Q: 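Below are the structure tokens for one structure; questions will follow.
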Amino acid sequence: MTLPDGSVRELPAGATGADLAASVGPRLAKAALAVSVDGAERDLGAPLPDGARVSVLTAASEEGRAVLRHSTAHVMAQAVTRLWPGARYAIGPAIEDGFYYDFDLPGGAHFGDDDLARIEATMREIIAEDQPFVREEHSLDEGLGLFADQPYKLEIIEGVGAAEREAAQEGAGSGGVSTYRNPNAQGAPVAAGADGGFVDLCRGPHVPSTGRLGYFKLTKLAAAYWRGDEHRPQLQRVYGTAWESQQALDEHLARVAEAERRDHRRLGAELDLFHFPPEIGSGLAVFHPKGGLVRRLMEDYSRAEHEAGGYEFVYTPHITKSTLFETSGHLGWYADGMYPPMEMEGASYYPKPMNCPMHILIYNSRQRSYRELPLRMFEFGTVYRFERSGVLNGLLRARGFTQDDSHIFCARDQLEGELASLLAFVLRLLRRFGLTDFEAELSTRPEKYIGTLEEWERATEALRLALETAGIAYTVSEGGGAFYAPKIDVHVRDAIGRKWQVSTIQVDFQMPQRFDMSYVGADNGRHRPYMVHRALFGSLERFFAILVEHYAGAFPLWLAPVQVQVLPVRDDHHGYATSVAASLAGAGLRATTVAAEEPLGARVRRAKLEKVPYVLVVGDDDVAAGTVGVNTRGSERPERGVLLAELIERLRAEVRQDEPGPGGAGKVA
RNA sequence: GCCCGAGUAGCUCAGUCGGCAGAGCGACGCACUCGUAAUGCGUAGGUCACCAGUUCGAUUCUGGUCUCGGGCUCCA
């Protein structure tokens, strides 16, 4: 055997993964969950072939944890079949941080919240029984017999060949199927026609026995369609999380709690930033003064950067006759996702789901010369999309939102340069908002598309070249593009490691054709411009939500709605406090004063809860000396006797410091 | 749209096995004038989401609707 570190180890013929782990050391033997043999995962108990490259999987790796989680899913399925005899079980994979299993309960029953505790209790019994996971190989016919009363399993087995790859993941490979049996020591009712225990169709591998599991928690119930198809039966899904130790489980639950604490909907209410009035309708937000201020700062920054980048500002209406979206093709492809039309004077007017056709009309308003290119039009364009009710998610997924939308019309030889500068622009903007960990995704031609293969190829290559020139790491999403264009999406990781898709850049050959766009070239001939769609924030509302969660509501100084709050110790310090606030305002800082109607401690607490970056306390000493007491957000103890002029200089420097220079901080993933 | 869950004061939540509804915080008023995360007292505030039904009586039970949350499907 060759180990991952390149060392070679001799073992007797027929030795198993467990033997190998034991030969390396007792700690590894204890931690071992499964093995990877020449890249394929196997049970610890499986004999190893001579000369194989073997690595032992433990919970230190995501692969090892996946084994743990998948095995826990089997235990859950067994528990459900104990509690609901006759339950049918579909699939139960490991997923990020956990697992799920889909069930079809007898008589169309549904799980309720109380059921999670019951299932969990039964799972703990199964784990206490320390049942082995026994792998068995069967022919396809045997498999069909074994799961005769499990229609979902039958479908998977029958799918061999037809959907071989998918089926292989569920334990049905070409020529036969594998199962895992948990012999049931208690002789309780068993599932799937087995004579001794719970049997599930499965590729494996699994941990040696259920006793290796135990640090798990069932987290939520959901409905899920069989095979993800909404026209097929709806199954009952149970989600859980599973870890290798109580500590790892607790840490995970703490991370989940932290994410809840940062939820932009919660902070949006607590910090008085925005809300969704039911009177207006689902998915339609209003921004309150403080949220509006943050949003305006985002917009101001964006406008200034676009102005410096040679963009021109345009404005377009919110509704348009249907003919515009017929020409663009959107009505043909996305009518379901658009708000329904209003009928007026014999025409149908739709709220716009996109801004691009309107920008094209501006381009087409007169003949264009090559001398005008590249033409870059920018607009904060508010669009409306009829998102299905179940997908709405605060500002992250709303029905009305505003794109920092721009369309660049250029000549062929300008395309690469535009894309390169766009990528630089994107990264600069993201860094400005504290997002420094990015990666890109290149999405290629989907199954349903318009245009020619050659055009798609050309556009995709232009994007790929731009990414490679910029040296940005990227993954490829085959078939992930829009119907009219391939795209680059930029993803960022926030302060607690969650990934968000923000910016998008699309190269489009189709709209210029559909709208018969042209320019007169240096050769006096007519040419078709290329078009680039791009949004950097993506949606202002969504980006705002990401910022709220990223900063946990504690905006950096330059974005904080209230930057400084001045607290007079007593009423007779009020005049001085007001003059301090006025000096700060004169220096371009946002400062408020809170009169001494409440005890100082209460006012400090309130300011802290509002996450004000600087709380200033002024009393007798300060009035006499022209100083302030400075309580900085996040610092242990306040400073006393700071000269006001010094503080102002400090704050101005901090606001400037938030702006990365041309070299910029932040790493490119 | 589908499944599960929730909707009681501005917020967070108790509560009523069917008999005119409660706390804390917040708001308002008065007093307190205080040096860094909750001063005291008082007052106001609710068609118990909405609409039907059952009942002598419904916030409570039943049905429907709306909104919200978690998933699924979807995301130009």
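Worth saying up front: this structure is predicted, and the values here are computed from it rather than measured. Chain letters run A, B, ... following the sequence lines, proteins first, then strands; residues in each count from 1.
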Q: Taking the six-membered ring for Trp and the single ring otherwise, decide whether the centroids of Tyr484(A) and His533(A) are under 6.0 Å apart.
A: yes
Q: Using OP1 and OP2 only, check whether a side-chain N or O of Arg605(A) sits under 4.0 Å from A38(B).
A: no
Q: So Lys220(A), base contact, sugar-phosphate only, or nothing? Heavy-atom distance under 4.0 Å.
A: sugar-phosphate
Q: Below 4.0 angstrom, N of the basic side chain to O of the carboxylate: do Arg265(A) and Asp263(A) qualify?
A: yes
Q: For the P atoms, the ones on G7(B) and on A14(B), what distance do you get once it is rounded to whole angstrom?
A: 8 Å
Q: Suppose you measure atom P in G64(B) against the same atom in G57(B); what distance do you get, rounded to whole Å?
A: 23 Å
Q: For C72(B) and Tyr239(A) - does any side-chain N or O of the residue sit under 4.0 Å from the phosphate oxygens OP1/OP2?
A: yes
Q: If the cut-off is 4.0 Å, is Ser328(A) near the phosphate of A76(B), judged by side-chain N/O to OP1 or OP2?
A: no
Q: Can you tell me, in whole Å, how much space there is between the C1' of A58(B) and that of U8(B)?
A: 14 Å
Q: Taking Glu155(A) first and then Arg88(A), would you say they form a salt bridge - that is, a charged N and a carboxylate O separated by under 4.0 Å?
A: no
Q: Have Tyr530(A) and Arg458(A) got a donor and an acceptor in their side chains that come within less than 3.5 Å?
A: yes
Q: With a 3.5 Å cut-off and just heavy-atom distances, do the side chain of Arg388(A) and the base of U73(B) make a donor-acceptor pair?
A: yes
Q: Between the base of C74(B) and the side chain of Arg397(A), is there a donor-acceptor distance below 3.5 Å?
A: yes
Q: What about Gln234(A): does its side chain form a donor-acceptor pair under 3.5 Å with the base of C2(B)?
A: yes
Q: Return the nucleotide paired to U55(B): Watson-Crick means purine N1 to pyrimidine N3 with N6-O4 or O6-N4, wobble means G-U with N1-O2 and O6-N3, both under 3.5 Å.
A: none
Q: Pick the P atom in A23(B) and in G15(B), then give their distance to the nearest Å.
A: 15 Å
Q: Please figure out whether Met354(A) or Ala602(A) has its closest RNA chain B nucleotide nearer the 5' end.
A: Ala602(A)
Q: Is any side-chain nitrogen or oxygen of Arg265(A) closer than 4.0 Å to OP1 or OP2 of G69(B)?
A: yes
Q: Using both distances under 3.5 Å as the test, list the Watson-Crick or G-U wobble partner of C72(B), or none.
A: G1(B)
Q: Write down the partner of C50(B) under the Watson-Crick or G-U wobble criteria, each distance required to be under 3.5 Å.
A: G64(B)
Q: If each of Gly629(A) and Val391(A) is mapped to the nucleotide of RNA chain B with the nearest heavy atom, which maps nearer the 5' terminus, i.e. the 5' end?
A: Gly629(A)
Q: For G35(B), which nucleotide in any strand shown is its Watson-Crick or wobble partner with both distances under 3.5 Å?
A: none
Q: Does U43(B) pair with anything, Watson-Crick or G-U wobble, both distances under 3.5 Å, and if so, with which nucleotide?
A: A27(B)
Q: Please state whether the phosphate of G70(B), meaning OP1 or OP2, lies under 4.0 angstrom from any side-chain nitrogen or oxygen of Asn393(A).
A: yes
Q: Please tell me whether Asp494(A) and Trp500(A) have a donor and an acceptor in their side chains that are separated by less than 3.5 angstrom.
A: yes
Q: With both distances under 3.5 Å as the test, what is the Watson-Crick or G-U wobble partner of C13(B)?
A: G22(B)
Q: Of the options C2(B), G35(B), U33(B), whose atoms approach the side-chain atoms of Tyr225(A) most closely?
A: C2(B)
